[in-house]
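Start at 1 with the first residue, then count along the sequence. Counting starts at 1 for both ligands and their atoms, in listed order. Keep in mind the model is a prediction, meaning the values are calculated, not measured.
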Amino acid sequence: MSLAGGETLRQGDADPLLILHDIGKTFSNGVTALRDATLTIREGDFVSLLGPSGCGKSTALRIIAGLSMPTSGHLEWRKALGEDSVGFVFQEPTLMPWANVFDNVWLPLRLRGVSRAKAAPAINALLERVRLTGFEKAMPRELSGGMKMRVSIARGLVTKPRLLLMDEPFAALDEITRFRLNNDLLDLWQDERFTVVFVTHSVFESVFLSNRIVVMAARPGRVFEELAVDAAYPRDEAFRTSPEYAALCRQASDVLVGAINATSAEARHGRH
Ligand code: ADP
C-alpha cells in the first residue's frame, strides 16, 4: 500500500521467510511453554511478540533461533538462510569484559576466520550507525547500559543477517535511552532491510517499532491475536506524540488486556 510521501507499508505482499506451523513446546517438567503456535514471518517484517511474562515469547524466539527444539509442529523456512543470516540480541548485552568495543563487534566475524583488518571497514561503518564512533577502544566497563546495547546490536548485525532476533533488548534501559535506541534501530532496519522478530512486554515499544504485533497469552503460552500496525514509516518523535500512535497503543493495550484475562480465566479453570 502506498502512502503519502512515497513511503510504503512493509507488510502484506512480501514473501514469507519463515512459517511456524502448530509449534508446541512442553518441557520435561511438564510445563507447556507454547501450544499450537502458528505464525508467518514475512521478509522485511518487524514483528513483535507481545505478552505477559511466561506466555512463551522467549521460547518461540529460541525455537526460531534453533536453540530449542519444538516438541510438536514444525518450522518451515521458505528461504534458505546461511549460518550468518540470523543475528541475536539479548536483554543482557553479554559483551566480553576483557575486549574493547571494536573487538566485541569483531567476534562473530573472527569466529568465521575474518581478520581484524578485513573486518575493519564493516565494523567501523556499523559503529558509526550505532553512534559509537570514537569508542572503538573503550572497554565495556566504561560504557553506559545504552552504549553496551549499541555494541550488542552492532555485533548482532556485523554478519549482515537477513533475520535479527531480539529478546527484550531494551527492557533494562531507562525510557529516554530506550526511545533513542528504538529510533536508531528503526533507521537501521529501514536502511538495511533485514527482518526482525522482537520480544517485548511493552505495548508502547511494540506499536512504535512493528508493522505487526503478535499478542500472546500464557498458561499455556499461545498466540492470542495478531494486529497490523497500519502506520507509515519512517516513524519518529512526531509519530511518538501523535494521536495516531496513542490510538494504536490503546488498541494494542485492549488486546493485551484480553490476552491477560484469557490467561487467568483458563488458568482458573485448570486448562493449562
Ligand atoms: P516469556 O518469554 O513470555 O516470559 P518463556 O518462554 O520464557 O516466557 O516461558 C514460558 C513458560 O515456560 C514459563 O512458564 C516458563 O517458566 C517456562 N519455561 C521456560 N523455560 C523453561 C525450561 N527450560 N524448563 C522448564 N520450564 C521453562
Side-chain angles (χ1 to χ4, degrees), residues 18-41 45-76 86-94 145 149 152-153 156 163-173 178 181-182 185 195-210 212-227 229 249 252-272:
L18 167 66
I19 305 175
L20 281 71
H21 294 279
D22 299 314
I23 292 280
K25 176 79 184 182
T26 300
F27 289 102
S28 50
N29 62 359
V31 172
T32 297
L34 215 49
R35 181 189 287 172
D36 296 337
T38 292
L39 181 63
T40 300
I41 312 285
D45 258 348
F46 197 124
V47 177
S48 285
L49 307 183
L50 171 70
S53 169
C55 69
K57 304 184 293 295
S58 297
T59 301
L61 204 71
R62 289 175 60 80
I63 288 173
I64 294 172
L67 297 170
S68 174
M69 293 302 290
T71 42
S72 58
H74 70 283
L75 279 183
E76 180 191 354
V86 183
F88 306 91
V89 177
F90 299 104
Q91 182 176 343
E92 283 299 317
T94 57
M149 187 45 71
S152 180
I153 291 171
L163 175 64
L164 186 66
L165 304 175
M166 307 185 83
D167 195 353
E168 301 208 45
F170 309 139
L173 303 176
R178 192 171 183 164
L181 277 156
N182 282 175
L185 174 62
T195 302
V196 182
V197 182
F198 188 97
V199 165
T200 181
H201 52 247
S202 163
V203 167
F204 302 105
E205 186 169 61
S206 64
V207 171
F208 185 76
L209 294 173
S210 327
R212 213 146 54 85
I213 301 175
V214 177
V215 179
M216 297 179 66
R219 297 207 260 157
R222 61 201 187 276
V223 173
F224 181 74
E225 196 170 322
E226 271 194 45
L227 295 170
V229 184
C249 287
S253 182
D254 287 347
V255 176
L256 181 62
V257 168
I260 291 167
N261 289 341
T263 300
S264 27
E266 295 219 357
R268 264 200 311 276
H269 292 100
R271 288 173 55 193
H272 59 100

> So does Asp45 pair up with Arg212, basic N to acidic O under 4.0 Å?
Replying inline: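 Yes, Asp45 and Arg212 are salt-bridged.
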Counting from 1, what ligand 1 atoms have a heavy atom of [X] closer than 4.0 Å?
{"X": "Cys55", "value": "1 (P), 3 (O), 8 (O)"}
{"X": "Ser53", "value": "4 (O)"}
{"X": "Lys57", "value": "1 (P), 2 (O), 3 (O), 4 (O), 6 (O), 8 (O)"}

Under 3.5 Å, is there a donor on one side chain and an acceptor on the other for [X] and [Y]?
{"X": "Ser48", "Y": "Ser206", "result": "no"}
{"X": "Thr200", "Y": "Glu168", "result": "no"}
{"X": "Lys25", "Y": "Thr32", "result": "no"}

> Mind checking whether Phe170 and Phe198 have parallel, tilted or perpendicular rings, split at 30° and 60°?
Replying inline: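 It falls in the tilted class, 30° to 60°.
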What's the shortest heavy-atom distance between [X] and [Y], and which atoms?
{"X": "Ala217", "Y": "Cys55", "result": "O-CB, 3.3 Å"}
{"X": "Leu34", "Y": "Ile63", "result": "CD2-CD1, 4.2 Å"}
{"X": "Asn182", "Y": "Leu209", "result": "O-CD2, 3.7 Å"}
{"X": "Leu61", "Y": "Val197", "result": "CD1-CG1, 3.6 Å"}

>> Among Ser68, Gly54, Pro220, which one puts a heavy atom closest to atom 1 (P) of ligand 1?
In response: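 Looking at heavy atoms only, the winner is Gly54.
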Among protein heavy atoms, which sits nearest to [atom], and what does the distance come to when rounded to 0.1 Å?
{"atom": "atom 23 (N) of ligand 1", "answer": "Phe27 CE2, 3.5 Å"}
{"atom": "atom 12 (O) of ligand 1", "answer": "Ala33 CB, 3.3 Å"}
{"atom": "atom 7 (O) of ligand 1", "answer": "Ser58 CB, 3.7 Å"}
{"atom": "atom 25 (C) of ligand 1", "answer": "Asn29 ND2, 3.2 Å"}

>> Is there a polar contact, in the sense of an N or O pair closer than 3.5 Å, between Gly56 and ligand 1?
In response: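 Yes, Gly56 has an N/O under 3.5 Å of an N/O on ligand 1.
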>> Any nitrogen or oxygen of Val31 lying under 3.5 Å from a nitrogen or oxygen in ligand 1? Just yes or no.
In response: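 It does not: no N or O of Val31 is found under 3.5 Å from an N or O of ligand 1.
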> Does the protein put any heavy atom within less than 4.0 Å of atom 16 (O) of ligand 1?
Replying inline: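 No, there is none.
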> Does Thr59 approach ligand 1 within less than 4.0 angstrom via side chain, backbone, both or neither, non-hydrogen atoms only?
Replying inline: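 For Thr59, backbone and side-chain atoms both sit under 4.0 Å from ligand 1.
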>> Below 4.0 Å from ligand 1: does a non-hydrogen atom of Gly51 turn up there or not?
In response: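 It does not; every heavy atom stays at 4.0 Å or beyond.
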